[in-house]
Each structure stands twice: as C-alpha cells, then as structure tokens.
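Accompanying notes for the structure given below.
Please read all numbers here as calculations on a predicted model, not as lab measurements. Chain naming here is simple, since letters A, B, ... match the order of the sequence lines and numbering starts at 1 in each.
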2 protein chains.
Amino acid sequence: MTTAGKETPRERYRAQLRAEVKERAWEQIAAAGAPGLSLNAIAKQMGMSGPALYRYFAGRDELITELIRDAYRSLADAIRTAAAAGADLAGLGHALRAWARDDPQRYFLVYGTPVPGYHAPDDITEIASEIMGALLDAAQSDGTAVETPADGHPDARLEAHLAEHRQWADGHPAPPAALRRALRFWTRLHGILSLELAGHFTGMGFDPAELYDSELRHLPQ
Amino acid sequence: MTTAGKETPRERYRAQLRAEVKERAWEQIAAAGAPGLSLNAIAKQMGMSGPALYRYFAGRDELITELIRDAYRSLADAIRTAAAAGADLAGLGHALRAWARDDPQRYFLVYGTPVPGYHAPDDITEIASEIMGALLDAAQSDGTAVETPADGHPDARLEAHLAEHRQWADGHPAPPAALRRALRFWTRLHGILSLELAGHFTGMGFDPAELYDSELRHLPQ
DNA sequence: TGCTTTCGTTAGAAGTTATAACTCACGGCG
DNA sequence: CGCCGTGAGTTATAACTTCTAACGAAAGCA
C-alpha cells in the first residue's frame with residue numbers, strides 16, 4: 001500500500017488522520033450500528049476536541065458516505081480477487097459469504113436499510129456496476145448445455161423479459177440465461193446473507209451454510 | 001375494532017394518544033428512516049412540550065420496539081388473511097410483496113439492518129413463529145408428486161440436514177421437502193424484496209415483478 | 001526571515017434524549 | 001355533591017449530538 005511519494009507531509013498527515021477516523025468509525029458502527037456513530041466521540045477518542053474533525057470531513061454524512069464507498073470497494077476487491085483466481089459462480093458465492101461474515105455491519109452499509117432520501121454518488125454506483133460485471137462474466141462461463149428453456153419452463157418468461165430489458169448489463173455480451181443466473185445469484189444469496197447476519201436464523205437450529213451451499217448448487221441451472 | 005367498554009376514560013384517552021404518537025412516528029420514519037425519528041418533534045407536532053410523551057412511552061427505544069411489534073403484527077395479519085383465503089405458496093408470496101411495497105420502511109423495520117445489541121422481546125419472536133407456521137402449512141400443501149430427491153439432486157443434502165435440524169418447525173408435521181420450500185420462500189423472496197425496496201434495482205431497466213414471479217414459479221419444486 | 005495556509009482550539013446555536021420537580025385537572029368514591 | 005389522590009403536562013436541567021464562527025498557533029514555502 002505504499003502510495004506515490006509525491007505527496008507533501010501535510011497531505012500524508014491528513015490522509016493518515018482521515019484513515020484513523022474511519023477506523024474508529026468502523027469500531028463504533030460495529031458496536032452500535034450506523035446510527036450510533038458519533039463524530040464528536042471519535043474526536044475525543046483521538047484526543048482532539050469536537051469540531052477539529054470538520055477539517056477532515058464535511059460532516060457526519062460525508063464520513064458515512066466514505067465508509068459506504070470503502071465497503072463497496074472491499075466487496076469489489078473480494079469478488080475481483082476470486083474471479084481472478086478462476087472462481088465460478090459458486091466460488092464467487094463463497095467469496096461473497098466470507099466477505100459478508102467478516103463484518104456484518106459493513107455488509108449492511110451496502111445492502112441494509114436505506115435512508116429514504118439518500119442517493120449514492122456516481123462513483124459508488126460505478127463500483128456496483130463493476131461487481132455486476134464480474135458476476136455476468138462468471139454467469140456466462142457457468143453456462144450449461146441447453147441455454148434456452150422450453151416454453152413451459154418457469155424461467156422462459158423471465159428470460160424473455162430480460163432479453164428485452166438488459167441495459168443494466170451495459171453492453172455485456174452475456175446471453176439471457178446468464179443474465180438470469182447473475183440476477184438470481186444476487187437476490188438469492190443476499191436473501192440468505194441478510195437474514196443470517198441480521199440474526200433471523202439464530203435459535204432455529206439449522207446451519208445457514210447448508211442452505212447457502214444448496215442455493216449455490218442450484219445456480220448453474 | 002370496538003374494544004370492550006370496560007376501560008376508564010383515562011385509559012381510553014391514553015390509548016388514543018399512544019396511537020396518535022405512533023401514527024406520527026410512522027410518518028417520520030417514512031420521511032427520514034428510523035434514525036430520524038424524534039420523540040421531541042412528535043410532541044411539538046401534537047402541541048405538547050417535549051417530556052410529556054414520557055408519560056406514554058418509556059423512551060425512544062420503547063416506541064421503536066412498539067412500531068416493530070405493530071409491523072410484525074400487520075405482516076402476520078397479511079399472511080394469515082391470504083392463507084385463510086386458501087392461498088398457496090405463490091399466493092402468500094403475492095401477499096408478502098403487496099405488504100412490503102405498501103410501506104417499505106415498515107418492511108425494513110422487520111427485515112432491515114439490525115442494531116448490534118438489540119434482542120427482540122419474546123412476544124415479537126412469537127409472532128415470527130406464527131408467520132413461519134403459516135408458511136409451513138402452505139409449503140406442505142404445495143407438495144408435488146415425488147418428495148424425496150435422489151441422492152445426486154442439489155436438494156438432497158439440504159433436506160437431509162433439515163430432517164435432523166427441525167426444531168424451528170416447532171412440532172409442525174411438515175416433511176423435510178416442505179421445510180426446504182418454506183425456508184426458500186423466505187430467503188428468496190426476501191432477497192428480491194429487500195433489494196427492490198432499497199432501490200438497488202432502480203435504473204437497471206428490468207421489472208422486479210418479473211423476477212419475483214419467476215421465483216414464485218420455482219417454489220413448488 | 002516573513003508570509004500564507006492549514007490546523008486545532010473555544011464559544012455558541014440548535015437540536016436530541018431523558019430526569020426531576022412542580023402544578024393542575026380529571027374522575028372515582030364516599 | 002364534594003373531596004382528594006392519581007395521572008397529565010409543565011418548566012428546568014443535564015448530558016449528549018451536529019455544525020458554524022472566530023480566534024490563535026503551528027507548520028510549510030519562498
């Protein structure tokens with residue numbers, strides 16, 4: 001992580017302090033969730049008095065947005081790394097679950113309850129697109145024998161719809177069946193992870209990993 | 001909704017005021033999410049000064065817990081009503097989606113980002129169990145021809161696991177295949193709804209209903 | 001050495017939750 | 001009907017929060 005040495009001492013100090021603030025912010029979020037994050041408390045923890053941090057972050061919202069950005073980036077990294085190692089859809093699924101369980105609140109910063117007014121900045125949606133791109137790549141490679149389902153098949157109608165509404169694939173050459181697999185990967189795995197990390201499975205007695213793996217086995221279909 | 005007349009005028013007034021507070025609370029949550037809920041602001045809206053509301057709610061947390069309880073209750077009502085009308089799993093799925101879209105923030109109060117320390121009171125988890133019971137009923141009725149998958153089938157392993165870890169079914173006589181269907185109903189539909197309501201599909205161009213219905217078609221399998 | 005930019009401070013406004021203490025009015029009961 | 005206790009609403013206060021403004025000091029640059 002040794003960045004270019006072309007930065008002034010001030011810039012280096014600034015970057016270092018911003019990083020420390022973000023680290024403490026993650027700790028606070030892990031302890032009490034995003035609403036419990038207090039800029040003031042972080043400042044005191046770091047030995048400086050309240051408003052000092054406003055030199056480094058325009059406000060609480062900007063800090064949170066920054067954390068969301070970092071969360072997206074780390075997810076993209078995890079997916080990219082797995083894909084680069086030649087992982088198929090199931091492999092990406094395992095990477096996703098590992099990333100999610102590594103820091104549940106980070107997961108919820110990306111996929112949790114949205115703030116009604118909030119719109120993510122463009123560079124964040126770009127990262128989301130990159131992730132979707134990696135999913136589409138894998139979904140295309142995972143293609144099994146016959147790709148176009150018969151008319152009576154449960155997937156026929158969805159694939160017909162996706163074939164005509166594929167702008168989200170942004171020029172990706174994946175066939176409709178791959179679009180369907182990528183979308184299903186996303187929604188099905190998120191469904192399990194979200195409930196698992198939120199604790200809705202605790203006390204039920206079964207192993208979420210079994211459920212997750214069973215969904216992964218269904219994906220290539 | 002005419003409750004027993006055996007309550008004193010004071011009790012009736014109290015109940016009425018609590019109800020109005022909750023109504024305003026829902027409005028605030030719809031506008032700015034749960035973190036934006038302010039007990040103080042509600043009091044002022046109702047023409048009374050700050051601390052007056054503490055006669056009616058022990059604190060902000062109790063109010064939110066009450067809202068969560070009401071949210072669970074309304075979900076249970078929606079599912080129960082659909083089940084009573086003879087809905088199959090797909091029917092329950094439609095009822096669930098309608099309920100979710102009717103008030104996204106209410107959905108997220110139930111299935112959204114959890115507060116790290118929070119544990120729901122017992123009566124709320126009981127409502128959750130009742131909902132799961134209705135799901136199991138429908139999942140059992142939806143049973144198709146052959147129920148036990150062959151050894152090579154992607155579902156075989158999961159069903160074997162569920163057959164031995166079924167305390168969450170709480171004595172329900174549903175066979176393992178039904179347990180699997182109920183669980184899948186939950187996780188798959190939640191996956192779509194959560195992403196849809198959070199706005200992750202906006203701008204992608206496809207219709208979430210198509211994706212949802214296609215999952216509903218898969219459920220009986 | 002001096003100038004300029006940035007940093008951190010304190011002060012303060014406007015919020016929030018929540019408690020304490022006080023007043024007053026409603027309504028149950030004799 | 002009238003008394004009087006319980007419950008409701010008030011203000012005051014403490015301890016928080018975010019965030020702006022104004023000031024002083026320190027650090028980098030010429």
_I need the single residue from R106(B), K22(B), R18(B) that forms a salt bridge (charged side-chain N to carboxylate O under 4.0 Å, His left out) with D70(B). Which is it?_
K22(B)
*May I ask you to say whether R184(A) pairs ionically with E215(A), meaning some side-chain N is under 4.0 Å from a carboxylate O?*
no
*Is R69(B) paired with E66(B) through a side-chain N to carboxylate O contact shorter than 4.0 Å?*
yes
Just how far, in rounded Å, is [atom2] of [N] from [atom1] of [X]?
| X | N | atom1 | atom2 | value |
| --- | --- | --- | --- | --- |
| Y13(A) | dA26(D) | OH | C1' | 11 Å |
| L39(A) | dT17(D) | CG | C1' | 10 Å |
| L53(A) | dT20(D) | CG | P | 13 Å |
| L37(A) | dC16(D) | CG | C1' | 15 Å |
| N40(A) | dT20(D) | CG | P | 14 Å |

*May I ask you to check whether over 12 heavy atoms, not counting those of D122(B), lie within 6.0 Å of atom CG?*
no
_S38(A) vs dT17(D): side-chain N/O to OP1/OP2 distance below 4.0 Å_ = yes
_Can you list, in residue-number order, the parts of residues 19-33 of chain B that come under 4.0 Å of DNA chain C, counting heavy atoms only?_
none
*For residues 54-61 of chain B, which residues have at least one heavy atom under 4.0 Å from DNA chain C?*
Y54(B), R55(B), G59(B), R60(B)
[Y] side chain reached by [X] side chain, heavy atoms, under 4.5 Å:
| X | Y | answer |
| --- | --- | --- |
| Y72(B) | I131(B) | yes |
| L216(B) | H94(B) | yes |
| F108(B) | S194(B) | yes |
| L75(B) | Y107(B) | no |
| F201(B) | I192(B) | yes |
| I64(A) | I68(A) | yes |
| H218(A) | H218(B) | no |
| T187(B) | R188(A) | no |

_Pairs involving residues 78-88 of chain A, ordered by first then second residue, that meet side chain to side chain donor-acceptor pair (under 3.5 Å) (sequence neighbours left out)_ = D77(A)-R80(A), R80(A)-E130(A)
*How does protein contact run along nucleotides 1-6 of chain D, one letter per nucleotide 5' to 3', with B for base contact, S for sugar-phosphate only, - for none, heavy atoms under 4.0 Å?*
-----B
_With a 3.5 Å distance limit and no angle check, can you tell me whether R97(B) reaches the backbone of D213(B) through a side-chain donor-acceptor pair?_
no
*Any donor and acceptor pair, going by atom type alone, linking the side chain of R60(B) with main-chain N or O of L37(B) inside 3.5 Å?*
yes
*Hey, what do you get for CD (Q140(B)) to CG (L179(B)), rounding to the nearest 0.5 Å?*
9.0 Å
_Nucleotide range of DNA chain C lying under 4.0 Å from chain B heavy atoms_ = dT16(C) to dG28(C)
*Dot-bracket pairing map - DNA chain D, Watson-Crick plus G-U, both contacts under 3.5 Å, | cross-strand*: ||||||||||||||||||||||||||||||
